[in-house]
2 protein chains.
Amino acid sequence: MKLGEGVEAAIHCAAMLAGVEGNSTMSGAAMAEAFGLSPSYLLKHLNQLTTAGILESVSGPAGGYRLARPAERITLLDIVLAVEGREPAFRCGEIRQRGPVKLDAKAYVKPCGINAAMLKAERAYRAALAEAKLSDIVADFMNHADPRTVAASCAFVERHQRPQKVQQPSKRER
Amino acid sequence: MKLGEGVEAAIHCAAMLAGVEGNSTMSGAAMAEAFGLSPSYLLKHLNQLTTAGILESVSGPAGGYRLARPAERITLLDIVLAVEGREPAFRCGEIRQRGPVKLDAKAYVKPCGINAAMLKAERAYRAALAEAKLSDIVADFMNHADPRTVAASCAFVERHQRPQKVQQPSKRER
DNA sequence: CTATTGCAGATAAAAATTATCCATGATAAG
DNA sequence: CTTATCATGGATAATTTTTATCTGCAATAG
């Protein structure tokens, strides 16, 4: 059982984006630099987060990414599923029916007990991930991590976040 | 996140071996046939189970595999770890320290909170697998599966299990 | 207009998984 | 003692997945 490296990258990026103020953004290139990752590949994962509705993206200069909703409403499960896909880790190949003895299909309507047990464990895994809010991760980092790393992280965000153009209210909304 | 196909094969084989009587064995070839699997590859997985102490193997004609201990004391976790390895699915690459800002190593003595959260979820997964005993899987199959599949499975075991040579007690033990 | 940025798709490189083969040693049976 | 069966271990190949790069395109701030 293995999780791709993209998961780690995605969570770290989301945590960092939780630090940007208001509707400012941070570019994918900046985050790639922050974590020593390949920019072009990181974009793929960020895009998965965007597609999943976890991040919002802004094109153009001063563009980048920001959280699509408050960190309190983003869980590690959201991120893991966005990056790794929603399929369970255990995929039942129904090898029980692949033997030489042919029984008609009706004999196999009951789901495989092994599959059921494996999926039950996976539900426990996902439930635990669903408990972990991004805001908890960030708060824990702020409160308990080494002050130097916190300071460095905040400085990086401060330096790379980019305020967005103020929305000009249209005539009709004035 | 993905589990290899070997896990499914290994669990099915272990469940089947739970049905062989006494110290009889069943050959790897027979199990490969039962599930329509590649014999030479299945042997690899069976060997992993043997190495892990879940199965016992017997060489020679009439040889094969049997459970190394009662099915009550074999869990799905035992099997999954034997086949997939014991490392956690989430491996922290410490990308937090891979950025351009160099802090000395002492700033990173505290473990990464993201890693901690991911590992916690994984403990929940493993705990659930540790709850699932092979004997439960087998009992559930016997009691609730379609009677035809149960009959077919029992017949297969009956046909392929091989009694072992009786142990001749040595003079000194008599 | 121009430079920057995200996006989609094609493609390539690297790694892991799945599968096969062969030589070897063990052993039951003739 | 010979033969046939079976697990083991190592080498190797085929296949799939993961990781990474590149290019052209659309969006947009200045």
Side-chain angles (χ1 to χ4, degrees), chain A residues 1-10 13 17 23-33 35-51 55-66 68 83-85 87 89 91 93 95 160-168, chain B residues 1-10 13 17 23-33 35-51 55-66 68 83-85 87 89 91 93 95 160-168:
Chain A
M1 181 155 92
K2 260 175 43 184
L3 249 47
E5 293 178 14
V7 174
E8 185 182 7
C13 287
L17 289 174
N23 65 347
S24 297
T25 65
M26 182 177 284
S27 77
M31 291 188 278
E33 188 199 342
F35 301 120
L37 298 170
S38 139
S40 39
Y41 189 41
L42 180 61
L43 286 192
K44 291 269 190 288
H45 296 312
L46 293 174
N47 191 22
Q48 290 177 297
L49 296 180
T50 306
T51 302
L55 303 185
E56 279 173 357
S57 65
V58 177
S59 281
Y65 299 89
R66 65 178 162 239
V83 175
E84 290 283 315
E87 283 118 53
R91 291 140 302 160
I95 63 174
H160 285 90
Q161 71 179 347
R162 311 204 265 202
Q164 296 303 292
K165 194 178 158 186
V166 290
Q167 201 70 272
Q168 292 298 350
Chain B
M1 181 157 92
K2 261 174 44 183
L3 251 48
E5 294 178 13
V7 173
E8 184 181 8
C13 287
L17 288 174
N23 65 349
S24 297
T25 66
M26 182 177 285
S27 77
M31 290 187 278
E33 187 199 342
F35 300 120
L37 298 169
S38 139
S40 39
Y41 190 42
L42 179 62
L43 288 191
K44 291 270 189 288
H45 295 312
L46 293 174
N47 193 19
Q48 290 178 296
L49 296 180
T50 306
T51 302
L55 302 185
E56 280 172 357
S57 66
V58 177
S59 280
Y65 299 88
R66 65 179 161 239
V83 175
E84 290 282 315
E87 283 117 51
R91 292 140 302 159
I95 63 173
H160 286 91
Q161 72 178 350
R162 313 205 264 201
Q164 297 302 292
K165 196 177 158 186
V166 289
Q167 200 70 272
Q168 293 298 349

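Here the structure is a predicted model, which means the values were calculated and not measured. Lettering of chains follows the sequences in order, A, B, ..., and the numbering in each one begins at 1.
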Q: For DNA chain D, which nucleotides open and close the run of contacts to chain B, 5' to 3', at under 4.0 angstrom from a non-hydrogen atom?
A: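 Under 4.0 Å from chain B, the extent on DNA chain D is D/dA4 to D/dT17.
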
Q: Between B/Lys2 and B/Pro61, which has a closest nucleotide on DNA chain D that is more 5'?
A: B/Pro61

Q: List the steps, then state whether side-chain contact (heavy atoms from CB on, under 4.5 Å) holds for B/Asn23 with B/Glu56.
A: CA-CA 10 Å; B/Asn23 65 349; B/Glu56 280 172 357; over 6 Å; no

Q: What is the nucleic acid contact for B/Ser40, judged by heavy atoms within less than 4.0 Å: base, sugar-phosphate only, or nothing?
A: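 Counting heavy atoms under 4.0 Å across all strands, the contact made by B/Ser40 includes a base.
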
Q: List the steps and the verdict of side-chain contact (heavy atoms from CB on, under 4.5 Å) for A/Arg66 and A/Val58.
A: CA-CA 8 Å; A/Arg66 65 178 162 239; A/Val58 177; 3.9 Å; yes

Q: Run the side-chain hydrogen bond (donor to acceptor under 3.5 Å, both in side chains) test against B/Gln161 and tell me which residues pass, sequence neighbours left out.
A: B/Glu21

Q: Is there a side-chain contact (heavy atoms from CB on, under 4.5 Å) between B/Arg91 and A/Lys2 once you walk through the steps?
A: CA-CA 8 Å; B/Arg91 292 140 302 159; A/Lys2 260 175 43 184; 3.7 Å; yes

Q: If each of B/Arg162 and A/Ala62 is mapped to the nucleotide of DNA chain D with the nearest heavy atom, which maps nearer the 5' terminus, i.e. the 5' end?
A: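 Closest to the 5' end, via its nearest nucleotide, is B/Arg162.
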
Q: Could I get the full list of side-chain hydrogen bond (donor to acceptor under 3.5 Å, both in side chains) partners for B/His45, not counting sequence neighbours?
A: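 With neighbours one apart ignored, the set is B/Gln48.
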
Q: Using atom types as modelled, flag every donor-acceptor pair under 3.5 Å from a side chain in residues 35-43 of chain A to any protein atom, sequence neighbours excluded.
A:
residue	atom	partner	partner atom	Å
A/Ser38	OG	A/Tyr41	N	3.2

Q: If the condition is side-chain hydrogen bond (donor to acceptor under 3.5 Å, both in side chains), which residues does B/Thr25 pass it with, not counting sequence neighbours?
A: B/Gln164

Q: When you match B/Val58 and B/Ser38 each to their closest nucleotide on DNA chain C, which lands nearer the 5' end?
A: B/Ser38

Q: On DNA chain C, which is the earliest and which the latest nucleotide, 5' to 3', with an atom closer than 4.0 Å to a heavy atom of chain B?
A: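 The contact span of chain B on DNA chain C goes from C/dT18 to C/dA28.
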
Q: Under a 3.5 Å distance rule, please check whether A/Arg162 uses its side chain to pair with a backbone N or O of A/Gly63 as donor and acceptor.
A: yes

